[in-house]
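Below is one structure, written out as structure tokens, with a few remarks after it.
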Amino acid sequence: MQIRLDILRRKSAIDSPYIQSIDFAYEDKGESVATALTKINRSGTVSPISWECSCLQKKCGACAMVIGGVPRLACDAKLCEFEKAGFVRVEPLKKFPVIADLTVDRSAMYDALREIRLWLEKGLAPNEGSLDTAYEASRCLQCGCCLEVCPNFYVGGRFYGMAAGVPMSKLLAQLDKADRQRLAKEYSRHFYAGCGKSLACKSICPAGIETDALMVNSNAAAVFKRLFG
Amino acid sequence: MSRVVIIGAGLSGLTAAVTFAQAGRASLLVSMQPSERAQSVLAEGGINAALDTMGENDTPAEHFADTMRGGVYLADENAVEDLTENAPETVRWLSSLGVPFNMQAGHLIQRNFGGQKKKRTAFAKSSTGKMIMTSLIDEARKYEAAGLIKRYPHHEFIRLLTDGGRCSGALVRDRYTGLCAGIDGVVLLACGGLNGMFPGMTTGTTQNTGDAAAAAFVQGVELSNLEMLQYHPTTVGIPGKRCLVTEAARGEGGRLFIMRGEDRYYFMEDRHPELKNLSPRDVVAREMFFVRRELGGEVYLDMTGLDSEVWKTKLPDLREELISFLALDPKESPIPVREGIHYFMGGIRCDRYHRTSMSGLYAAGECTSLYHGANRLGGNSMLGAVYGGKAAALDILRRFPDSSEGGEIRFEEAAGEFCEPADEGLIMQISGILLKGLGIVRNEQVLDSCIGELDVLSRARQYNAREGARLSLARAMLISAKERRESRGAHYREDFPERNDKLRLEGVVTSSGGQITHRFEELPEGKEENADQA
Ligand SMILES: Cc1cc2nc3c(=O)[nH]c(=O)nc-3n(C[C@H](O)[C@H](O)[C@H](O)COP(=O)(O)OP(=O)(O)OC[C@H]3O[C@@H](n4cnc5c(N)ncnc54)[C@H](O)[C@@H]3O)c2cc1C
Ligand code: SF4
Ligand code: SF4
Ligand code: FES
């Protein structure tokens, strides 16, 4: 099977972008955009394409990029999905500053979590009641796909998007009422106030995180706290 | 010299950074990519500690005994004793950081895991590593904000800075700008396993290229037990890697079989009646190799007998993964499995305090050869990584108490040794040779021919420093396997199929001026009461 990858490349942030078309032959239905990038780089036929990957099995979020117009993980984007069209466009995530080719600087996501002081001030006693929510929220890959599709998120804004909303929901679920006040305020200000609840983030999340359910929990814990205690 | 530079932000490096910060000491945390991307997030099955929550009278002494037996007595007993004694406290600490370990009636649930006679493995559904990492990252963030942890999260360790044979810091490159900085300080290598020596053939990450250990090796740091590669018996091939089917699948009742004529032959149950499908990994992997050689065809893992509750509460990710990558639902049909390289028991040689052979240099986590001897038990490596990171940090705090700042860190244009990447073609050639020599079943003839091939390759052209280091490390791995003329744990020699207790010795390799030497060293003496168990 044969496919053409149209890759949006640029040498660095200050160089101008261009599309490079590369024909790629593959045999296995399991081969993904990540496989193609690995093999193309290994073949040495084009100058090395800058991109990031680590686990190759949808578990680390490193390889998020825009594929066929949709933000997703390169290791999960099977080439055969694009067989009909015969080509697939591969671009970097657009909401973050580009470093080179498909590599972007996602440090804004980490800065946001530090900004809202997402951590425990003291040790927790294990609590069976919050396990499922804590588990679901801890699965966030910090890949940034949700931010890419979110109509309300931009780097530098006060709304931090679902990539912050999900991790916040872990601690909001685990902390008891007295201890979650500070985080509840941050949640209201940096998430609740800005979220339009369109849930574009839910269908795009490559980890399949139930962002809506987590949001309901967090809203109950942080925003409607007088009602739910 | 008292700044602390940690290379690697997986379980081990993160725990070290948090331990320093708790003591009020600042550290720099250098990693190729952020912690969320480290191999540690892939760990599934769980982490071991004799918490004794299952009413089986489990004790650290039994955890010690199982670990030593699993490693076929090749680990430092003192270190293993530290590890197993401190395991309960380690897991309780993780739990207090908010790790959502599975619970029941107010206590953590522990499950069976290969090579252990008691339920000792705490877990968080099928993503234990990810769950622990998320909580540790939260904890580290607190200290980042306080200025006690400074991250360099897109930075590659290039080589050690040395000063008269001792380590005085690390040369680090910003992968985004290409600029380098020499950072002075005590260095802790927590750079993970040697996956990059076998691209595409391991269950781990592409980030752990092996370059860090290779550079340290040619700079004079001793490595040991490099022949000890753990093949995980149940992996499935997906493009670019081997994908692990966690041992928990067998812990929960999964059974291995191969077709013999018309019938399913449950060979593990037949040939290893005591531990059956949960025998140590090397035993299972080798048995699979032999049974395939005998009967032909593939080995299958049958999980169709597991009940829905188990899939839902204990193995949800595994099922989703298999459906997505193999288009097979393990709830409905058995899946074909093969062995894949999963863990590196060998690595940087260090003592129970995590000091390496080079003064000023420490190592912790999967990059070391410390805790697991000739074979690692499932659930012991996360423990080794977390506890090891902490133990290393505590020793550095004791021995390098001066916390003055260190020189300015300036990133600048710096070409030169080790900066240039290794040629991809060469990496694959070396890996091809290693795979031939270091398979599940080895013999001297094949190893000799592999060493010969590597020699030819080494002389074929000029290599840059990184390529040279990789060639040296590869050679050291093959020599280690050749010199151990016995079978022990993960190392199985067809020509020496028995264990030889005269070789209950650590196989140490050194590199000096391009010369690689191998020697056997006595293991440190353990406490007397442990001696008769060997
Ligand atoms: C699929 C899978 C399942 C597993 N399941 C279990 C389990 O159930 N139980 C268990 O106990 N163990 C399990 N393990 C093993 C365990 O996860 C690892 O041994 C452990 O997490 C290693 O932690 P670490 O901190 O040593 O290394 P890693 O998590 O690998 O981290 C290494 C760090 O070093 C950095 N690094 C590497 N090279 C460089 C360089 N040159 N410059 C800068 N940084 C560098 C990386 O970026 C990374 O941050 C599993 C492993 C795999 C692959
Ligand atoms: S619900 Fe909509 S606005 Fe809110 S985080 Fe998701 S995509 Fe953004
Ligand atoms: S919520 Fe989903 S899409 Fe958003 S960062 Fe986390 S894993 Fe990625
Ligand atoms: S490489 Fe880890 S998610 Fe794709």
Side-chain angles (χ1 to χ4, degrees), chain A residues 12 26 28-32 34-35 38-39 41-44 48 52-62 75-76 99-100 103 105-107 110 113-115 117-128 130-135 137-143 167 170-171 174-175 208, chain B residues 32-34 36-39 41-42 93 95-108 124-125 127 130-131 133-135 138-145 151 153-154 175-177 199-200 204-207 238-241 243 317 320-321 324-327 421 423-425 427-428:
Chain A
S12 76
Y26 65 104
D28 184 337
K29 276 215 174 309
E31 291 190 50
S32 62
T35 324
T38 305
K39 289 191 178 167
N41 276 348
R42 208 168 271 164
S43 75
E52 290 185 318
C53 71
S54 171
C55 72
L56 295 177
Q57 58 179 102
K58 309 195 288 178
K59 286 196 173 175
C60 79
C75 63
D76 189 32
I99 301 298
T103 305
D105 179 0
R106 284 174 277 188
S107 52
Y110 305 104
L113 298 180
R114 208 163 47 240
E115 195 65 31
R117 298 195 287 158
L118 189 75
W119 56 71
L120 292 171
E121 293 294 349
K122 54 179 204 253
L124 274 185
N127 172 356
E128 246 168 291
S130 60
L131 284 184
D132 283 340
T133 307
Y135 181 88
S138 298
R139 292 174 54 232
C140 175
L141 306 174
Q142 293 292 296
C143 66
K170 171 177 190 276
L171 297 192
Q174 288 184 312
L175 288 167
Chain B
M32 297 270 244
Q33 292 186 32
E36 284 81 357
R37 326 273 185 241
Q39 173 166 310
V41 303
L42 298 181
W93 176 65
S95 172
S96 79
L97 296 184
V99 178
F101 287 116
N102 281 33
M103 292 175 68
Q104 195 172 44
H107 61 70
L108 303 193
K125 296 190 188 172
S127 304
K130 176 67 180 165
M131 295 299 122
M133 284 295 283
T134 299
S135 292
D138 282 353
E139 185 69 4
R141 186 179 299 118
K142 172 163 74 186
Y143 298 113
E144 283 170 50
R151 278 193 187 261
H154 41 85
R175 292 172 50 249
Y176 287 178
T177 62
T205 159
T206 57
Q207 258 184 84
I238 64 173
K241 75 177 301 184
C243 181
D317 306 1
E320 191 275 327
E321 213 167 78
S324 138
F325 284 117
L326 294 185
D423 175 69
E424 292 271 353
I427 293 175
M428 297 313 285

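Within every chain, numbering begins at 1; the chains are lettered A, B, ... in the order of the sequence lines, protein sequences first and strands thereafter. These numbers come from the heavy atoms of this one structure, side chains and all, not from hydrogens, waters or symmetry mates. A quick note: this is a predicted structure, and the numbers were derived from the prediction, not measured.
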Quick one: what part of [X] sits under 4.5 Å from any heavy atom of chain B, side chain, backbone, both or neither?
| X | answer |
| --- | --- |
| A:Arg42 | both |
| A:Ala125 | neither |
| A:Lys170 | side chain |
| A:Ile99 | side chain |
| A:Thr103 | side chain |

Check whether [X] gets within reach of chain A through its side chain, its backbone, both or neither, counting any heavy atom under 4.5 Å.
| X | answer |
| --- | --- |
| B:Pro153 | neither |
| B:Arg175 | side chain |
| B:Leu97 | backbone |
| B:Ala140 | neither |
| B:Met428 | side chain |

Give a yes or no answer on whether the side chain of [X] reaches the backbone of [Y] with a donor-acceptor pair at less than 3.5 Å.
| X | Y | answer |
| --- | --- | --- |
| B:Arg37 | A:Ser54 | no |
| B:Ser96 | A:Gly123 | no |
| A:Lys59 | B:Ser127 | no |

So do the side chains of [X] and [Y] get within less than 4.5 Å of each other, counting heavy atoms only?
| X | Y | answer |
| --- | --- | --- |
| A:Tyr110 | B:Pro34 | yes |
| B:Asp138 | A:Leu171 | yes |
| B:Asn102 | A:Glu128 | no |
| A:Arg117 | B:Arg141 | no |

What option among [options] has the most heavy-atom pairs under 4.5 Å with chain A?
| options | result |
| --- | --- |
| B:Glu144, B:Glu321, B:Lys241 | B:Lys241 |
| B:Glu424, B:Met32, B:Lys125 | B:Lys125 |
| B:Ala327, B:Cys243, B:Pro199, B:Gly98 | B:Gly98 |
| B:Met103, B:Gln207, B:Glu320, B:Gln39 | B:Met103 |
| B:Ser135, B:Gly425, B:Gly200, B:Ala145 | B:Ala145 |
| B:Met133, B:Arg151, B:Gln104, B:His107 | B:Gln104 |

Shortest non-hydrogen contact between [X] and [Y], atoms and distance:
| X | Y | value |
| --- | --- | --- |
| B:Pro239 | A:Thr35 | CB-OG1, 3.6 Å |
| B:Thr134 | A:Ser138 | OG1-O, 2.9 Å |
| B:Glu139 | A:Leu120 | OE1-O, 4.2 Å |
| A:Tyr135 | B:Ala124 | CE1-O, 3.5 Å |
| A:Ala62 | B:Gln33 | CB-OE1, 3.3 Å |
| A:Asp76 | B:Ser324 | OD1-OG, 4.4 Å |

Establish, yes or no, whether the cationic atom of A:Lys58 lies under 6.0 Å from the six-membered ring centre of B:Phe325 and within 45° of the ring axis.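 Here A:Lys58 passes the 6.0 Å and 45° test against B:Phe325.
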
Find the one option among [options] whose heavy-atom pairs under 4.5 Å with chain B are most numerous.
| options | result |
| --- | --- |
| A:Asp28, A:Leu113, A:Thr38, A:Asp105 | A:Leu113 |
| A:Gln174, A:Arg139, A:Gln142, A:Gln57 | A:Gln57 |
| A:Glu115, A:Lys29, A:Lys39, A:Arg106 | A:Arg106 |

Among B:Thr205, B:Thr206, B:Leu42, whose side-chain contact (heavy atoms from CB on, under 4.5 Å) with A:Cys55 holds?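 That would be B:Leu42.
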
Which residues satisfy the ring-ring contact (aromatic ring centres under 6.0 Å, His included) test with A:Tyr26, sequence neighbours excluded?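 Scan of A:Tyr26 (ring-ring contact (aromatic ring centres under 6.0 Å, His included), adjacent residues dropped) gives none.
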
Pairwise distance OH(B:Tyr176) to OG(A:Ser12) - rounded to 0.5 angstrom: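 It comes to 14.0 Å.
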
Looking at B:Lys142 and A:Glu121, does any basic side-chain N land under 4.0 Å from a carboxylate oxygen?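 No, this pair does not count.
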
